[in-house]
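Since this is a predicted model, take the numbers as computed values, not measurements.
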Amino acid sequence: MKKVMIICICVVFIFFAGYLSIKLYTYNKLNNVRENIIKKNPEISEVKSVNSIGQWGEWFSEYTLVVEIDGKQYRIWTMGDGKVTDKRLLE
């Protein structure tokens, strides 16, 4: 009975560590995209949100951001390097 309890605790710990690792990786990646956009596009005054369009595990993920430029909100697309591939005005 004691061995089963120890195994269950180990399994839960492994799942928790994996979940936490994935969350931290995702947070770091989205933060890097945010920093690249701001660094390479000085006309952007604020980044409202960042989302990944690609599926988990894809090598070349695309990102969509809602940003503020001259008091107007735009949705922009990038590959994460800071270069804007498309931009649309949000109404």
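- A donor-acceptor distance shorter than 3.5 angstrom exists from the side chain of S45 to the backbone of E68, with no hydrogens or angles considered.
- Hydrophobic clustering, with ILVMFWY side chains joined whenever heavy atoms are under 4.5 angstrom apart, groups L24 together with F16.
- Transitive grouping of hydrophobic side chains (ILVMFWY, heavy atoms separated by less than 4.5 Å) keeps V66 and W77 in distinct clusters.
- Rounding to the nearest 0.5 Å places OG1 of T64 at 6.5 Å from CG of N51.
- Residue T78 forms a side chain to side chain contact (heavy atoms under 4.5 Å, CB included) with just one option from I37, V50, D86, N36, and that option is I37.
- For the atom pair NZ (K83) and NZ (K40), the distance works out to 10.0 Å, reported to the nearest 0.5 Å.
- Under the 4.5 Å side-chain heavy-atom criterion for Ile, Leu, Val, Met, Phe, Trp and Tyr, L30 and I38 are members of the same hydrophobic cluster.
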Note to self: Does E35 form a side chain to side chain contact (heavy atoms under 4.5 Å, CB included) with N32? I'd like the steps, not just the answer.
What the structure shows: CA-CA 5 Å; E35 289 174 5; N32 285 340; 4.0 Å; yes

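- Note that the CG atom of L20 and the CZ atom of F15 stand 15.0 Å from one another [nearest 0.5 Å].
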Next item on the list: Would you sort out whether I76 and I44 count as a side chain to side chain contact (heavy atoms under 4.5 Å, CB included), showing the intermediate values?
Entry: CA-CA 11 Å; I76 62 172; I44 295 175; 4.0 Å; yes

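- Between D70 atom CG and E43 atom CD the span is 8.5 Å, to the nearest 0.5 Å.
- Here the straight-line distance linking atom OH of Y63 with atom CE of M79 works out to 8.5 Å at 0.5 Å rounding.
- For the atom pair CG (L89) and CZ (R75), the distance works out to 11.5 Å, reported to the nearest 0.5 Å.
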